[in-house]
Amino acid sequence: MINKINELLKEVETLTAANTEELEALRIKYLSKKGTISLLMNDFRNVPAEQKREVGQYLNKLKETTQNKINELKANFDNVQIVNNDIDLTRTAYPIELGTRHPLSLVKKEICDIFGRLGFSIAEGPEIEDDWHVFSSLNFAEDHPARDMQDTFFIQHNPDVLLRTHTSSVQTRVMEKQEPPIRIICPGRVYRNEAISYRAHCFFHQVEALYVDKNVSFADLKQALLFFAKEMFSADTKIRLRPSYFPFTEPSAEMDISCNICGGKGCPFCKGTGWVEILGCGMVDPNVLENCGIDSKVYSGYALGMGIERITNLKYQVKDLRMFSENDVRFLREFESAN
Ligand code: DAH
């Protein structure tokens, strides 16, 4: 019996398997219940008592060697599988953390959703614009200060290529192409040549809304504004409209909401007035409609524009505008629960 075991030991040492199926066949051949080693174990009963100790040792060695050999062959296949799975060895060993939405994206989405509930659909336009869409079509006089180099980033040597200073340019882009009724909400990034500080930045974000149809009135505008303020802040938010001036609207107004930080009682944020300004608005100037090929005797419209940073500050009390573009994850993580 010892001879047989020795033969088997040699045989096991030379085992190879080309694939996992062959390996499984070997395992069955040697180690299964009806396999070679089990059969030898059965024969062990007939071994004379004085040889049992020695034969037992050989048998155990055979069993162990076979098991080790099978494990060794199996490890080869496991390694091959890892390579085949294209595991990315440059990946960080630490768990990948879930990101959070940027606060400005959260607020932009909320604004668009609120106007979406009033039937507005999203429209977008280019950030690199021309004079016509940003200024001329919107009734800016030739010498209007907003065209001044102080405010606008012009592309060198070509004053007709510039970075848009407001999203009102999207109004023109849509009105030129589309017949009324038009009901759009236009979010986007805008640029102004300002020194960067805690309260100003050379780029920021705006949302523009435009509604053009027959018989659109200032009352419609006011209703939409009240709805927006209550949805965005709280049901008890009040609004107030102050006369103002914009080249592209007539009449024009600025809207204040009751300060949502002190509830209108007066605090440092609202400078003790109980009110904070959040947007500009008005009835689209007939000249603007005509510039875009819309008959101002048939159609009228309202427009409004607001800064997303300003609304975000009011909602989350972010004191320094620069935090929005620094992308410090400690700041961004504070908005995790709002996601
Ligand atoms: N475009 C203006 C700005 O950047 C905001 C604005 C005011 C937009 C009044 C409007 C509006 O549509 O009617 O300051």
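By convention here, the first residue in the shown sequence is residue 1.
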Write down the atom of [X], the atom of [Y], and the distance for their closest heavy-atom approach.
X	Y	result
G188	R164	CA-NH2, 3.4 Å
S168	L138	CB-CD1, 3.6 Å
P247	N139	O-ND2, 3.0 Å
C281	L304	CB-CB, 3.7 Å
A229	I239	CB-CG2, 3.5 Å
S38	S32	OG-O, 2.8 Å

For atom [atom1] of [X], is the number of surrounding heavy atoms from other residues, nucleotides or ligands below 6.0 Å larger than 12?
X	atom1	value
K52	NZ	yes
E179	CD	no
E142	CD	no

Are the side chain of [X] and the backbone N or O of [Y] linked by a donor-acceptor pair below 3.5 Å?
X	Y	answer
D130	H133	yes
T165	D151	no
S197	R199	yes
R147	F140	yes
T312	I308	yes
N19	E22	yes
D220	V216	no
T152	F154	no

Side-chain touch [X]/[Y], heavy atoms, less than 4.5 angstrom:
X	Y	value
S217	S300	no
T36	K29	yes
R242	E277	yes
L210	M175	yes
D236	S258	no
F227	L118	yes
H201	S325	yes
D213	I182	no

Donor + acceptor pair across side chains of [X], [Y] (<3.5 Å):
X	Y	result
T237	S234	yes
D131	S136	yes
E336	T100	no

Give, for atom [atom1] of [X] and atom [atom2] of [Y], the distance between the pair rounded to the nearest 0.5 Å.
X	Y	atom1	atom2	result
D285	S252	CG	OG	8.0 Å
I311	E309	CD1	CD	10.5 Å
I278	M255	CD1	CE	3.5 Å
L23	K69	CG	NZ	11.0 Å
I111	Q206	CD1	CD	11.0 Å
C186	E208	SG	CD	6.0 Å

Begin with the C-alpha distance, continue with both residues' side-chain angles, and end with the deciding distance and a verdict on salt bridge (charged side-chain N to carboxylate O under 4.0 Å, His left out) for E127 and R189.
-> CA-CA 7 Å; E127 291 178 16; R189 181 173 281 187; 5.3 Å; no
Once salt bridge (Lys or Arg N to Asp or Glu O under 4.0 Å) is applied, do any residues pair with [X], and if so which ones, sequence neighbours excluded?
X	answer
D43	none
E129	R173
R322	D320

Check the pair T20 / K74 against side-chain contact (heavy atoms from CB on, under 4.5 Å), numbers first and verdict last.
-> CA-CA 7 Å; T20 45; K74 187 165 177 282; over 6 Å; no
Is [Y] reachable from [X] through a run of hydrophobic residues whose side-chain heavy atoms are each under 4.5 Å from the next?
X	Y	result
M306	V107	yes
L314	W275	no
L106	M232	yes
L62	I28	no
L321	Y198	no

Under the side-chain contact (heavy atoms from CB on, under 4.5 Å) criterion, do K214 and Y299 qualify, and how do the steps go?
-> CA-CA 5 Å; K214 286 178 181 149; Y299 294 104; 3.8 Å; yes
Going by chain and number, the hydrophobic cluster around F203 (ILVMFWY, side chain to side chain under 4.5 Å) further includes I128, F153, I155, V161, L163, Y191
Charged N to carboxylate O below 4.0 Å: is that the case for E24 and R27?
-> yes
When you check the gap from the basic side-chain N to the acidic O, do K109 and D113 get nearer than 4.0 Å?
-> yes
Listed once per pair and sorted, the ring pair (Phe, Tyr, Trp, His ring centres under 6.0 Å) pairs that draw on residues 18-66, sequence neighbours left out = none
Can you name the residues that form a side-chain contact (heavy atoms from CB on, under 4.5 Å) with N42, not counting sequence neighbours?
-> L39, R45
Derivation and outcome, side-chain contact (heavy atoms from CB on, under 4.5 Å), residues L8 and L40 | CA-CA 11 Å; L8 277 168; L40 279 176; 3.5 Å; yes
Show your working on side-chain contact (heavy atoms from CB on, under 4.5 Å) between Q51 and I2 and close with a plain yes or no.
-> CA-CA 10 Å; Q51 289 177 24; I2 288 180; 6.0 Å; no
Starting from the C-alpha separation in whole Å, work towards a yes-or-no answer on ring pair (Phe, Tyr, Trp, His ring centres under 6.0 Å) for F324 and F204.
-> CA-CA 9 Å; F324 290 126; F204 53 100; over 10 Å; no
Centroid separation F115 to F228 less than 6.0 Å = yes
Hey, mind stepping through R117 and E231 against salt bridge (charged side-chain N to carboxylate O under 4.0 Å, His left out) and telling me if it holds?
-> CA-CA 10 Å; R117 296 202 280 282; E231 291 285 299; 2.5 Å; yes
Specify whether F248 and H166 have parallel, tilted or perpendicular ring planes, treating 30° as the upper limit for parallel and 60° as the lower limit for perpendicular.
-> perpendicular
